[in-house]
Amino acid sequence: MNQAAPESDSPKLEVKGLYKTFDRLVVLENINLYLKANEFVCIVGASGCGKSTLLNIIAGLATPTSGKVLIDGEPVLGPGCDRGMIFQNYSLFPWLTVSDNIGFGLSLKGITKAEQQERIHYYLEVVGLKKFSKAYPKQLSGGMKQRVAIARALANEPEVLLMDEPFGALDAQTKEQMQQFMIELWSKTQTTILTITHDIEEGIFLSQRMYVMSPHPGKIQEETAIPLPSDRHLDLKLTPEFINIKRHLIQTLRENPLSENP
Ligand SMILES: Nc1ncnc2c1ncn2[C@@H]1O[C@H](COP(=O)(O)OP(=O)(O)OP(=O)(O)O)[C@@H](O)[C@H]1O
């Protein structure tokens with residue numbers, strides 16, 4: 001069920017009546033969603049339901065066929081510094097050190113050298129990589145590379161952080177460490193975060209609200225509140241409250257047909 005934003009609380013990010021068609025294939029149909037400032041929201045859905053297409057449109061990397069995306073009430077017309085994007089494959093510059101990767105966007109924005117250094121140091125500290133400031137990406141583990149990518153996005157101080165399956169390339173243990181890291185980072189920075197994932201547990205653990213997408217065409221099937229404490233530890237995944245939410249979401253996703261698309 002699509003939900004309009006509550007009137008009294010103007011959203012940080014809003015998607016309104018959004019459709020996307022490739023040739024004659026309708027990939028997204030009437031998507032409506034919102035994020036309040038400082039919220040952590042996940043969109044969960046099966047492969048091929050249009051999650052990446054939706055996130056790319058929100059990022060301004062693709063255009064909708066109709067409908068709009070608003071940040072603080074202003075329409076998104078293309079990529080912008082108000083949105084930081086994290087991809088599954090880290091997308092770091094291999095020839096730059098960790099510090100230079102984090103500072104890359106800052107030098108392009110004309111920020112003074114002194115402020116660049118200040119932000120680099122601050123975000124190195126936030127992601128726990130101070131000792132690796134001079135290392136190159138190839139010297140880092142997958143989880144560390146993703147923390148550099150997150151620090152680089154945050155250093156630009158975006159209004160919203162968008163993450164596309166950010167831990168999908170990591171092994172199970174590192175993935176859980178990154179989920180814990182992300183919750184702590186979110187409490188520290190209070191960034192507004194929208195993540196897409198096909199991992200239901202990850203979605204529940206990270207978010208305050210979730211949107212479930214159904215395929216053919218991609219629609220918002222349900223909005224689900226996650227009424228769990230905001231101070232979360234991985235053991236939360238073993239509690240009856242967590243398992244009940246997981247059961248509900250699994251059953252909701254099972255109502256969907258199998259994907260016939262690539
Ligand atoms: N540029 C494109 N041209 C034509 N069809 C496309 C294009 N991009 C995506 N699609 C189609 O849109 C549908 C949704 O793809 P999308 O990658 O957004 O889904 P997804 O939910 O993110 O899947 P996954 O989790 O596997 O990445 C698929 O059927 C895909 O083939």
Side-chain angles (χ1 to χ4, degrees), residues 1-3 13-35 40-69 76-79 83-91 142 145-146 149-150 153 160-172 174-176 178-179 182 193-207 209-224 246 249-262:
M1 183 178 39
N2 286 358
Q3 296 281 321
L13 166 72
E14 205 170 3
V15 175
K16 281 182 155 178
L18 190 138
Y19 287 74
K20 180 69 179 177
T21 306
F22 289 111
D23 298 320
R24 272 190 244 142
L25 179 71
V26 181
V27 170
L28 297 174
E29 183 177 283
N30 195 24
I31 304 289
N32 293 284
L33 60 85
Y34 70 92
L35 264 80
F40 201 142
V41 171
C42 286
I43 300 174
V44 71
S47 183
C49 74
K51 302 183 297 298
S52 293
T53 304
L54 175 59
L55 207 70
N56 285 338
I57 293 173
I58 295 172
L61 302 171
T63 50
T65 305
S66 61
K68 51 190 168 185
V69 177
V76 162
L77 302 172
R83 283 145 292 143
M85 184 87 172
I86 304 288
F87 299 96
Q88 185 176 350
N89 60 1
Y90 324 125
S91 49
K145 283 184 205 163
Q146 200 55 305
I150 292 166
V160 184
L161 187 63
L162 305 171
M163 306 204 295
D164 187 349
E165 298 278 3
F167 314 134
L170 303 174
D171 64 85
T174 311
K175 187 174 175 171
E176 284 215 310
M178 287 300 290
Q179 291 167 357
M182 222 41 233
I193 305 179
L194 177 62
T195 297
I196 60 172
T197 182
H198 56 255
D199 182 332
I200 298 173
E201 260 195 14
E202 178 168 294
I204 303 169
F205 185 70
L206 293 176
S207 32
R209 269 188 313 121
M210 289 175 76
Y211 288 101
V212 179
M213 278 185 74
S214 59
H216 318 306
K219 288 186 196 165
I220 301 292
Q221 182 181 1
E222 183 182 284
E223 180 193 353
T224 311
K246 184 175 166 185
L249 288 170
I250 288 173
Q251 285 166 347
T252 304
L253 283 164
R254 273 193 195 142
E255 292 166 15
N256 296 324
L258 273 178
S259 177
E260 287 167 10
N261 288 326

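For the numbers below, each heavy atom of this structure counts, side chains included, while hydrogens, waters and symmetry mates do not. Order of listing sets the numbers, starting from 1, for every ligand and every atom in it. This is a predicted model, so every value here is computed, not measured.
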Exercise. Among Gly218, Gly50, Ser52, Gly45, whose heavy atom sits nearest atom 21 (O) of ligand 1?
Worked result: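 Heavy atom nearest to atom 21 (O) of ligand 1 belongs to Gly50.
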Problem set entry | For atom 18 (O) of ligand 1, the option (of Leu54, Leu55, Thr53, Asn56) bearing the nearest heavy atom |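 The option holding the nearest heavy atom is Thr53.
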Exercise. Any side-chain heavy atom of Met182 within less than 4.5 Å of one from Ile150?
Worked result: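 SC-SC contact between Met182 and Ile150 confirmed.
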Just jot down the ligand 1 atoms closer than 4.0 angstrom to any heavy atom of [X], in number order.
X: Val27; answer: 12 (O), 13 (C), 14 (C)
X: Lys51; answer: 18 (O), 19 (O), 20 (P), 21 (O), 22 (O), 25 (O)
X: Gly48; answer: 13 (C), 14 (C), 19 (O), 20 (P), 21 (O), 23 (O), 24 (P), 26 (O)

Does [X] use its side chain to pair, donor to acceptor, with the backbone of [Y] at less than 3.5 Å?
X: Arg209; Y: Tyr34; value: yes
X: Tyr19; Y: Val27; value: no
X: Glu202; Y: Gln179; value: no
X: Gln146; Y: Phe87; value: yes

Problem set entry | Sequence-distant partners of Lys175, side chain to side chain donor-acceptor pair (under 3.5 Å), two or more places apart |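 Lys175 satisfies side chain to side chain donor-acceptor pair (under 3.5 Å) with Asp199 only.
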For this session: Would you check whether Ala46 reaches within less than 4.0 Å of ligand 1, judged by its heavy atoms?
Result: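 Right, Ala46 reaches ligand 1.
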Exercise. What do you reckon, does Cys49 put a non-hydrogen atom under 4.0 Å from ligand 1?
Worked result: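 A heavy atom of Cys49 does come that close to ligand 1.
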Sequence neighbours excluded and cut-off under 3.5 Å, please list the side-chain donor-acceptor pairs for residues 51-67, or say none.
unit_1 : atom_1 : unit_2 : atom_2 : d
Lys51  : NZ     : Gly45  : O      : 2.9
Lys51  : NZ     : Ala46  : O      : 3.1
Ser52  : OG     : Asp164 : OD2    : 3.2
Asn56  : ND2    : Ser52  : O      : 3.3
Thr65  : OG1    : Thr21  : N      : 2.8

For this session: Please say whether Ile196 places an N or O atom under 3.5 Å from an N or O atom belonging to ligand 1.
Result: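 In this structure, Ile196 places no N or O atom under 3.5 Å from an N or O of ligand 1.
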Exercise. Does an N or O from Glu165, backbone or side chain, lie closer than 3.5 Å to an N or O of ligand 1?
Worked result: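 No, Glu165 has no N/O under 3.5 Å of an N/O on ligand 1.
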